[in-house]
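Below: one structure, written as structure tokens.
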Amino acid sequence: MGTRLEISVARTLHLYWEAELEKALITPGHRLELPNHEDCELGLWLHNTGLRKYRSIPGFTGLLDTHRKFHVAAGEVAATLADPDRARVVMEDVRELSREIIFRLTRLELDSLARQRETGQSASHPLRPLINWLFDGHRPESTPRNDSVLEVSRARLMHLQWAQGVADLFRRWGKPPLPESAEICSLGLWLHSVGARRCVGMAEMQALDVAHKEFHLKAEQAVRAFHNRRMGEAEAAYDRMHRKSREVVYLLSVLEYRLLDADAILRIDHFLE
């Protein structure tokens, strides 16, 4: 199974358990048998295939730790369902940890694809056109030129790639360029075309639009402050930008999870031919 597919499956399996916790919180008598962090589907993948293939990638150990913490908090929710007020308080921790898991899984996916490209492994990779598009901007001939049909997984990766690029420039004392506006970046084009048509009325879609605009606002504030050497202001804006970026990645993943059966997101199956 390729990197993109197996990590996408891992994301989906994790979101299923979060959805089960949310259901248990609002459904009296709902039974929830939550496995421990090594025995759930994501845990089994992390401690076997994931550990074997990705342990050398920075951040993998942090993913394991975050997943363990998620299960501790999730177990507390399950144990306090008879006390709804307490369960709702603990559920806030679960949601925060879930966002961190999704963000770390997406970063693992991006870093793994980058490593394959650097080592030449992507030359024979079935998703080579996608990798070239992601890192070099070479659009596959079989892909429509209209970005309104942007595939959501590519949107998630490209969003994270840009956010990480800003972070790298900050660390190297570079001079990051001002970001595109939220309306004309690749994700913004998808949100206001395909997304607007196919996800109308979904709370996650509306939340994504808000989070995406706030991300761009914080990114611009961070870059402008950095250009003017107002480092305290730049650091604060960058931290807020990072939190919004994590929210964008999470909401894109939830949309993908909810729309799997609806086929509302353009797939990239044609890359596998």
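Looking at Thr106 and Arg11, their side chains come closer than 4.5 Å, going by heavy atoms from C-beta outward. Inter-residue side-chain proximity for Leu251 and Met205 is flagged as unmet; no heavy-atom pair is nearer than 4.5 Å. Between Arg107 and Asp111 there is a side-chain heavy-atom pair separated by less than 4.5 Å. Using a 4.5 Å cut-off on side-chain heavy atoms (C-beta onward), Tyr54 and Leu63 make no contact. With a 4.5 Å cut-off on side-chain heavy atoms, Leu81 and Val77 count as touching. Side-chain atoms of Arg68 and Asp65, non-hydrogen and from C-beta on, do get closer than 4.5 Å to each other. Looking at Leu15 and Glu18, their side chains come closer than 4.5 Å, going by heavy atoms from C-beta outward. Side-chain contact between Tyr16 and Tyr257: present, with at least one pair of heavy atoms (C-beta onward) separated by less than 4.5 Å.
The pair Glu96-Arg99 does not meet the salt-bridge criterion, since no charged nitrogen lies less than 4.0 angstrom from a carboxylate oxygen.
Side chain of Asn228 to main chain of Arg224: a donor-acceptor pair is present (N/O by atom type, distance under 3.5 Å, no hydrogens or angles). Not one N or O on the side chain of Ser245 forms a donor-acceptor pair closer than 3.5 Å with the backbone of Met241. At least one donor-acceptor pair closer than 3.5 Å links the side chain of Ser193 to the backbone N or O of Leu189.
Rounding to the nearest 0.5 Å gives a distance of 6.5 Å between CG of Leu51 and CG of Leu64. From Ile57, atom CD1 reaches atom CD of Glu109 across 11.0 Å, with rounding to the nearest 0.5 Å. From Thr61, atom OG1 reaches atom CZ of Arg55 across 8.0 Å, with rounding to the nearest 0.5 Å. One distance of note links CD of Gln161 with CG of Leu113; it measures 10.0 Å at 0.5 Å rounding. In this structure, CG on Leu110 lies 11.0 Å from NE2 on His159, to the nearest 0.5 angstrom.
For Phe103 and His242, the distance between ring centers is under 6.0 angstrom.
For Met91 against Leu25, the heavy-atom pair with the smallest separation is CG-CD2, 3.7 Å. The two residues Tyr250 and Ser98 come nearest to each other via the heavy atoms CE1-OG, 3.9 Å. Shortest non-hydrogen contact noted between Leu34 and Ala74 is CD2-CB, 3.3 Å. When all heavy atoms of Leu97 and Lys69 are compared, the closest pair comes out as CD1-O, 3.5 Å. When all heavy atoms of Ala73 and Asp93 are compared, the pair lying nearest together is CB-CB, 4.5 Å.
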Give the table of side-chain donor-acceptor pairs shorter than 3.5 Å for residues 38-46, with sequence neighbours excluded, one pair per line with atom names and distance.
unit_1	atom_1	unit_2	atom_2	d
Asp39	OD2	Asn36	ND2	3.0
Glu41	OE1	Trp17	NE1	2.8

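His212 and His216 have perpendicular rings, their planes meeting at more than 60° on a 0 to 90° scale where under 30° would count as parallel. A perpendicular orientation is assigned to the rings of His37 and His47, their planes being inclined by more than 60° (bins at 30° and 60°).
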Applying salt bridge (Lys or Arg N to Asp or Glu O under 4.0 Å), run through Arg240 and Glu235 and close with a yes or a no.
-> CA-CA 9 Å; Arg240 292 191 293 270; Glu235 183 177 353; over 6 Å; no

Please report the C-alpha distance between Leu187 and Phe215 in whole Å, then the side-chain angles of each, then the deciding distance to 0.1 Å, and finally whether the side chain to side chain contact (heavy atoms under 4.5 Å, CB included) criterion is met.
-> CA-CA 12 Å; Leu187 176 54; Phe215 165 79; over 6 Å; no

Dump the intermediate steps for side chain to side chain contact (heavy atoms under 4.5 Å, CB included) on Val254 and Ile102, then the final yes or no.
-> CA-CA 10 Å; Val254 172; Ile102 295 299; over 6 Å; no

Please walk me through it: do Glu247 and Glu214 pass side chain to side chain contact (heavy atoms under 4.5 Å, CB included)?
-> CA-CA 10 Å; Glu247 185 73 7; Glu214 290 180 350; over 6 Å; no

Could you go step by step and tell me if Val72 and Glu76 meet the side chain to side chain contact (heavy atoms under 4.5 Å, CB included) rule?
-> CA-CA 6 Å; Val72 171; Glu76 189 173 350; 5.7 Å; no

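For Arg95, the CZ atom counts as densely surrounded, since its 6.0 Å shell holds more than 12 non-hydrogen atoms of other residues, nucleotides or ligands. With a 6.0 Å radius and a threshold of 12 heavy atoms from other residues, nucleotides or ligands, Arg230 has its CZ atom above the threshold.
Here the rule is side-chain hydrogen bond (donor to acceptor under 3.5 Å, both in side chains) with Ser253, and of His14, Glu204, Arg156 only Arg156 fits it.
Checking Thr66 against Glu100 by side-chain atom types alone, no donor-acceptor pair falls below 3.5 Å.
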